[in-house]
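Following: one structure in structure tokens, then a few remarks.
Position 1 is the first residue of the sequence; numbering continues from there. First listed ligand is number 1; within each ligand, the first listed atom is number 1. These numbers come from the heavy atoms of this one structure, side chains and all, not from hydrogens, waters or symmetry mates.
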Amino acid sequence: MKPLIAPSILAADFMNLESELGRIASADYVHVDVMDYHFVPNLTLGIPVFEQLTKVSPVPVDAHLMIEDPDRWAPAYAEAGAASVTFHVEAAKDPVRLARELRRLGARASVALKPGTPVEAHLGLLREVDMVLIMTVEPGFGGQSFMADMLPKIRRTRQAAREADLDIWIQVDGGISRATIDRTADAGANVFVAGSAVYGADDAAAEISTLRDLAAAHTH
Ligand SMILES: O=C(CO)[C@H](O)[C@H](O)COP(=O)(O)O
Ligand SMILES: [Fe+2]
């Protein structure tokens, strides 16, 4: 599986989002973190800004919804042009129904697990989604340290997908950098979110390329 790099605009300059998107035109996706002050103790943006981002982005948009009641709010992100919509399993009332609805609207459907949420109880969902997001920090803020104790969860998810013969993408988000990406690729992740690592670099395109090469060297 080819590694995909998705820089997170959480670490971008919010006054200049259009030019900040231009810096990552060589990425595979742009990762947009939506926070609502309820599911996480932080607030970012909602549909009006999201819709504008999808219009000007040079790459497909990956929505990471850290919000309560995604059953109600997530479909609007697919309608607004998201290529992929990730909701949290801890917040969803009916994840199967929601995933089917997102796919019906033409988006890739994806489910996220917080660090404290074991994957075992949710392995049945693998048949309903295109991607699983294993959080490698507690959701809510950028710039946190990578949690190495999430590696077995990534491995377990990849193993379960292989056993079921499912071509699922596994995304990691939080503290991904040159120092950590290799271990997540080795464990079975193939979609890598990087906020501070990419937007904190002088040359974002060079950083994207370095991260992609490192991941590829550890993909098997
Ligand atoms: O979902 C997130 C936080 O909840 C962000 O996507 C994530 O933290 C990216 O930032 P960084 O790469 O700086 O850790
Ligand atoms: Fe995120």
* To do: List, by chain and number, the other hydrophobic cluster members for L43, where Ile, Leu, Val, Met, Phe, Trp and Tyr join if side-chain heavy atoms come within less than 4.5 Å, directly or indirectly.
  =>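 Members besides L43, by chain and number: Y37.
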* To do: Please confirm whether A197 comes under 4.0 Å of ligand 1, counting heavy atoms of the residue only.
  =>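 A197 does not count as a contact of ligand 1 under the 4.0 Å cut-off.
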* Quick one: does A194 get a heavy atom under 4.0 Å from ligand 1? ->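 Heavy atoms of A194 do come under 4.0 Å of ligand 1.
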Going by the atom numbers of ligand 1, which of them fall below 4.0 Å from some non-hydrogen atom of [X]?
| X | answer |
| --- | --- |
| H31 | 6 (O) |
| G143 | 11 (P), 13 (O), 14 (O) |
| D33 | 1 (O), 2 (C), 5 (C), 6 (O) |

Geometric N/O contact [X] with ligand 1, under 3.5 angstrom:
| X | result |
| --- | --- |
| P139 | no |
| G175 | yes |
| H64 | yes |
| G174 | no |
| V193 | no |
| L10 | no |

* **Working for side-chain hydrogen bond (donor to acceptor under 3.5 Å, both in side chains), residues R162 and Q159** => CA-CA 5 Å; R162 283 206 175 113; Q159 178 202 17; over 6 Å; no
* Asked: Is the W169 ring parallel, tilted or perpendicular to the Y29 ring (thresholds 30°, 60°)?
  ->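 Rings of W169 and Y29: perpendicular, as their planes differ by over 60°.
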* **Atoms of the protein (N/O/S only) found under 2.8 Å from the Fe ion (ligand 2)** =>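 Within the sphere that stays under 2.8 Å of the Fe ion (ligand 2), the protein atoms of type N, O or S are H31 NE2, D33 OD1, H64 ND1, D173 OD2.
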Closest protein heavy atom (residue, atom, distance) for [atom]:
| atom | result |
| --- | --- |
| atom 10 (O) of ligand 1 | G142 CA, 3.7 Å |
| atom 4 (O) of ligand 1 | G140 N, 2.8 Å |
| atom 8 (O) of ligand 1 | F141 O, 3.3 Å |
| atom 13 (O) of ligand 1 | S196 OG, 2.2 Å |
| atom 12 (O) of ligand 1 | G195 N, 2.7 Å |
| atom 9 (C) of ligand 1 | D173 OD1, 3.4 Å |

* Find the distance between CD1 (I134) and OG1 (T136) and round it off to the nearest 0.5 Å. =>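 These two atoms lie 9.5 Å from each other.
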Would you indicate whether the side-chain heavy atoms of [Y] and [X] approach each other to under 4.5 Å?
| X | Y | result |
| --- | --- | --- |
| H64 | D62 | no |
| V137 | M150 | no |
| S110 | V129 | no |

* So, D33 versus S8: side-chain donor-acceptor pair below 3.5 Å or not? ->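 A donor-acceptor contact under 3.5 Å links the two side chains.
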* **Nearest non-hydrogen partners of A215 and I181, listed with the distance** =>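 That would be CB-CD1, 4.0 Å.
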* **K55 to F50 six-membered ring, cation-pi geometry met (6.0 Å, 45°)** =>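 Relative to the ring axis of F50, which defines the angle, K55 lies outside at least one limit.
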